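What you see below is based on every heavy atom in this structure, not just the backbone, and it leaves out hydrogens, waters and symmetry mates. None of these values were measured; they are calculated from a predicted model.
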Amino acid sequence: MDSFLAKPVELKEKYVYPIKTYGSASAPFYTALCLWVGALLLSNIVLTNFALDDKQKNQYTKKQQFIARWLTYIVIGVAQAVIVTLGNIFLLKAYIVDKLPLILLAVFLSMVFMTIVYVLAAMFGNVGKGIAMIVLVLSISGGGGNFPVVLSDQFFQFINPILPFKYGVNLLREPTGGIYAPNLWHNFIILALFAVVFFLIGLFLKDQINPFFEKLHKEATKSKIIH
């Protein structure tokens with residue numbers, strides 16, 4: 001009787017896709033964060049436009065220039081993802097069940113993030129970079145990376161489904177603890193849609209939007225405060 005009162009219920013725990021340490025469980029969040037920050041920093045270092053002479057301007061269309069510079073961002077993004085994931089594996093020695101899929105999915109995620117940030121910077125200049133920064137800040141609290149978003153404020157619960165960061169973290173969680181295919185493909189497809197939509201918007205609308213923001217940037221430069 002005493003034992004029943006002390007322990008009326010006996011719990012049997014069964015771990016599904018266990019991750020051994022808290023640090024390893026947090027690795028997908030910080031890896032995705034690293035990839036977004038890397039894309040944001042690159043947009044402040046590498047120009048989104050080409051410096052062409054008159055002959056070259058007639059030789060290459062605006063769309064060709066857009067795609068060429070996008071490819072520059074993508075190549076750097078791939079290198080960034082490989083370095084980050086190899087660092088997780090060999091330097092941090094994070095617990096990862098499927099190492100090769102992690103590298104490949106991180107490369108894919110970096111390409112998605114690079115595309116989004118590149119299009120924002122190419123279309124809106126400094127304003128676009130500011131938007132990317134705001135998305136980053138909102139994603140830290142609203143992306144559900146470190147704690148369940150249902151425990152957050154209603155505002156963050158509202159924006160959670162539209163943040164690409166959410167799907168990026170969930171994508172990287174799959175190879176970390178063990179891949180569950182439906183979850184992986186769900187996040188993969190949504191991220192692919194983000195990349196395709198942003199790329200098409202940049203490809204077809206950049207030339208229409210750029211003149212306004214170029215004028216805005218020139219006026220801002222005159223203030224000698226904003227570059």
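To the nearest 0.5 angstrom, F124 atom CZ is 13.5 Å from K129 atom NZ. Rounded to the nearest 0.5 angstrom, I83 CD1 and I103 CD1 are separated by 12.0 Å. The distance from the NZ atom of K62 to the CD1 atom of I67 is 14.0 Å, given to the nearest 0.5 Å. Within the model, atoms CG of L191 and CG of L105 stand 10.0 Å from one another, a figure rounded to the nearest 0.5 Å. In this structure, L120 CG and I134 CD1 are separated by 10.5 Å, a value rounded to the nearest 0.5 Å. Here the CD1-OG distance, from I159 to S141, works out to 8.0 Å after rounding to the nearest 0.5 Å.
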Quiz item: Step by step, would you call Y167 with F188 a ring-ring contact (aromatic ring centres under 6.0 Å, His included)?
Solution: CA-CA 8 Å; Y167 305 100; F188 185 93; over 10 Å; no
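Inter-residue side-chain proximity for M114 and W70 is flagged as unmet; no heavy-atom pair is nearer than 4.5 Å. Side-chain atoms of F66 and D207, non-hydrogen and from C-beta on, never get closer than 4.5 Å to each other.
Both tests do not hold together for R69 against Y118: distance to the six-membered ring centre under 6.0 Å, angle to the ring axis within 45°.
Under a cut-off of 6.0 angstrom, the local environment of CD in Q154 is sparse, with at most 12 non-hydrogen atoms contributed by other residues, nucleotides or ligands.
Note: F113 and W36 have perpendicular aromatic rings, judged against thresholds of 30 and 60 degrees for the angle between ring planes.
Counting only distance, with no hydrogens or angles, the side chain of E174 and the backbone of N183 share no donor-acceptor pair below 3.5 Å.
Contact record, N44 with L40: ND2-O, 2.8 Å, taken as the closest heavy-atom pair. Shortest non-hydrogen contact noted between A25 and I19 is N-CG2, 3.6 Å.
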